[in-house]
**Q** 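First the structure, which I've put down as structure tokens, then a few questions once you've had a look.
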Amino acid sequence: MRIVLGVGGGIAAFKAVSLLRLLTESGHDVTVVPTESATRFVGTATWEALSGKAVTNNVFDGVPQVNHVRLGQEADLVVVAPATADLLAKAAGGFAGDLLTTTLLMAGPKAFFVPAMHTEMWQHPATARNVEILRERGNTVLEPDSGRLTGPDSGPGRLPEPSAIFEALASFLDGTSGHGQLAGKRVVVTAGGTREPLDPVRFLGNRSSGRQGMAVARAAIEAGASVHVIAANIDVPIADGATALRVETAEQMQRAVMEQLPTADVVVMAAAVADFRPAEVSDSKIKKREGQTDPVIELVRTPDILRGLVEERDSAGLDVLIAGFAAETGDAGGDPLSYAREKLARKGCDILVLNDVGGGSVFGEDSNAVTILSAGVSETSSARGTKDEVGRAVMTRIAALMA
């Protein structure tokens with residue numbers, strides 16, 4: 001595959017050297033186009049030595065070949081890593097002042113951006129709008145990692161590790177979303193929201209639609225896995241190619257997942273499982289009558305399915321990767337990320353995907369933004385976009401851990 005590797009002028013440019021090696025060693029034809037400021041961090045000699053090609057950022061070099069047009073036209077993919085705030089702004093605005101920006105203008109939706117900058121720059125409304133514009137045009141813009149930045153600063157804005165970028169590029173490099181990373185594996189995915197009956201017509205439920213869980217199932221199928229979906233209440237069809245079992249309550253879901261655990265390679269608990277259920281279920285509809293006192297409904301805890309899965313896996317010595325989802329909101333006691341870290345440690349799973357659902361956002365929507373935490377690793381990664389894109393990002397992380 002013909003790839004243009006654009007390198008922005010940030011300190012993270014040194015990581016792009018390793019990304020270039022990963023791309024060339026995988027057999028791809030890579031042309032490096034650094035910005036002028038990028039060459040102040042990594043010189044052209046390094047790029048030329050590793051790519052085996054002459055490197056320039058000047059539109060007046062290679063004039064007979066019309067490089068400022070040809071590179072973007074002929075490339076199968078243009079990867080920009082690091083994509084600085086300045087580069088994102090120029091790409092969103094359609095600027096064409098050097099070889100990289102003209103290449104991006106010609107490449108259109110074939111451009112893949114990997115941002116890296118200080119947290120304040122990443123979170124600035126102008127940068128957020130530029131990212132939104134690029135995604136609306138069909139470009140992929142990865143979320144930066146969170147961690148140590150230049151100097152003493154720490155927060156979102158760190159360039160992901162080259163291996164993680166390479167994994168994220170897998171769908172583009174192979175022409176398929178999953179790169180066959182999970183071929184021969186059996187993946188169990190739970191989706192939707194459980195319902196806990198109160199009487200024959202009422203229940204306690206939640207707002208989950210099952211969209212994200214089903215997107216995870218599709219991503220696993222694309223990655224070559226055999227997928228079994230355990231679906232509670234969902235508003236979307238079962239993913240094509242998956243087998244499925246319908247359940248309603250948390251206890252039913254627990255039994256179904258435990259039955260599947262011994263033959264699974266991966267279990268992804270994407271369902272929104274009720275934490276509580278009514279202590280008693282009325283055999284008849286609870287009536288509202290004049291003069292009658294209002295009923296008091298006592299709640300009891302439902303089983304902790306995720307923790308139970310981990311305990312069963314460990315006690316049985318099973319080789320199963322377990323991923324959980326956490327729908328969290330902040331409160332006076334902490335923010336969603338701190339609650340997710342606590343839950344990851346408490347549950348003992350391998351991966352926890354954090355959904356910030358403050359204000360009821362995410363439920364029923366076609367897009368999502370998540371933070372992915374891994375056991376034993378302090379740094380996080382993020383994914384934002386359609387729920388299918390988020391599902392692929394989750395499965396890419398799972399495949400990387402399994403590898």
Side-chain angles (χ1 to χ4, degrees), residues 188-217 229-239 244-258 267-282 285-286 295-309 322-331 333-337 339-340 342-344 346-347 349 351-373 386-387 390-391 394:
V188 176
V189 180
T190 66
T194 61
R195 292 179 171 182
E196 307 300 326
L198 176 60
D199 62 22
V201 297
R202 300 184 181 94
F203 59 85
L204 295 181
N206 56 62
R207 300 178 186 273
S208 177
S209 65
R211 281 177 168 79
Q212 187 60 79
M214 218 54 71
V216 170
V229 174
I230 299 173
N233 179 61
I234 57 175
D235 296 340
V236 292
I238 299 295
L245 175 67
R246 299 274 189 167
V247 297
E248 182 176 2
T249 67
E251 289 187 350
Q252 291 170 356
M253 180 166 284
Q254 181 189 42
R255 288 195 298 270
V257 178
M258 285 298 185
V267 176
V268 182
M269 287 293 301
V273 181
D275 293 322
F276 300 95
R277 63 174 176 81
E280 295 183 4
V281 179
S282 175
K285 179 183 175 182
I286 300 173
V296 176
I297 301 171
E298 180 185 357
L299 299 179
V300 295
R301 295 189 181 209
T302 58
D304 187 336
I305 302 177
L306 184 57
R307 180 60 192 163
L309 281 172
I322 298 177
F325 273 64
E328 292 288 354
T329 61
D331 57 23
D335 59 84
L337 183 57
Y339 283 126
E342 177 187 335
K343 181 171 287 188
L344 176 64
R346 187 174 70 252
K347 302 291 187 179
C349 53
I351 290 176
L352 191 72
V353 183
L354 168 63
N355 258 328
D356 184 345
V357 296
S361 60
V362 176
F363 294 117
E365 300 293 331
D366 293 325
S367 60
N368 200 1
V370 303
T371 302
I372 305 174
L373 297 79
T386 67
K387 288 188 173 177
V390 169
V394 172

**Q** To the closest 0.5 Å, what do you measure between CG (Leu344) and CG (Leu337)?
**A** 10.5 Å

**Q** Identify the two heavy atoms, one from Gly391 and one from Gln212, that lie closest to each other, and give their separation to 0.1 Å.
**A** N-NE2, 3.6 Å

**Q** What I'd like to find out is whether the side chain of Met258 reaches to under 4.5 Å of the side chain of Leu309, using heavy atoms alone.
**A** yes

**Q** Hey, could you give me the CG/NZ distance between Asp199 and Lys285, rounded to the nearest 0.5 Å?
**A** 8.0 Å

**Q** If you round to the nearest 0.5 Å, how far is OG1 of Thr249 from CZ of Arg255?
**A** 6.5 Å

**Q** Working to the nearest 0.5 angstrom, can you tell me the gap between Leu299 CG and Glu280 CD?
**A** 12.0 Å

**Q** I need the minimum non-hydrogen distance between Leu306 and Gly324, along with the two atoms involved.
**A** CD2-CA, 4.0 Å

**Q** Rounded to the nearest 0.5 Å, how far does OG1 of Thr386 lie from CZ of Arg211?
**A** 12.5 Å

**Q** State, to 0.1 Å, how close Ala274 and Ala250 come at their nearest heavy-atom pair, and which atoms those are.
**A** O-CB, 4.4 Å

**Q** Could you tell me whether the side chain of Thr194 reaches within less than 4.5 Å of the side chain of Val247, counting heavy atoms only?
**A** no

**Q** For Ile234, is there any backbone N or O sitting under 3.5 Å from a side-chain donor or acceptor partner on Ser209?
**A** no

**Q** Check side-chain hydrogen bond (donor to acceptor under 3.5 Å, both in side chains) between Asp335 and all other residues, then give those that pass, not counting sequence neighbours.
**A** none

**Q** Taking Asp275's backbone N and O only, do any of them form a donor-acceptor pair with Thr302's side chain (distance below 3.5 Å, no angle check)?
**A** yes

**Q** Looking only at atom types and distance, does a side-chain atom of Glu196 sit under 3.5 Å from a main-chain N or O of Leu204, one as donor and one as acceptor?
**A** no

**Q** When you compare the side chain of Leu352 with that of Lys347, does any pair of heavy atoms fall below 4.5 Å?
**A** no

**Q** Is the backbone N or O of Leu354 less than 3.5 Å from a side-chain atom of Thr371, with the two atoms forming a donor-acceptor pair by type?
**A** no

**Q** Within the 4.5 Å heavy-atom criterion, are Ser282 and Leu198 side-chain neighbours or not?
**A** no

**Q** Measure across Ala231 and Ile238 and return the closest heavy-atom pair with its distance rounded to 0.1 Å.
**A** CB-CD1, 4.0 Å

**Q** Keeping the roles fixed (side chain from Arg202, backbone from Ile286), state whether a donor-acceptor pair exists under 3.5 Å.
**A** yes

**Q** State which residues pass side-chain hydrogen bond (donor to acceptor under 3.5 Å, both in side chains) with Arg307; sequence neighbours excluded, sorted by chain then number.
**A** Glu311

**Q** Report yes if the side chains of Val394 and Ile351 come closer than 4.5 Å at any heavy-atom pair, otherwise no.
**A** no

**Q** Give the minimum heavy-atom separation between Ala217 and Val229, together with the two atoms involved.
**A** CB-CG2, 3.8 Å

**Q** Show the nearest heavy-atom pair for residues Pro197 and Val281, with the distance to one decimal.
**A** O-CG2, 3.4 Å

**Q** For the atom pair NZ (Lys343) and CD (Glu328), what is the distance rounded to the nearest 0.5 Å?
**A** 4.5 Å

**Q** Between Asn206 and Ala272 (side chain of the first, backbone of the second, donor and acceptor by atom type, cut-off under 3.5 Å), is there such a pair?
**A** yes

**Q** Report yes if some heavy atom in the side chain of Tyr339 is under 4.5 Å from a heavy atom in the side chain of Asp331; otherwise report no.
**A** yes

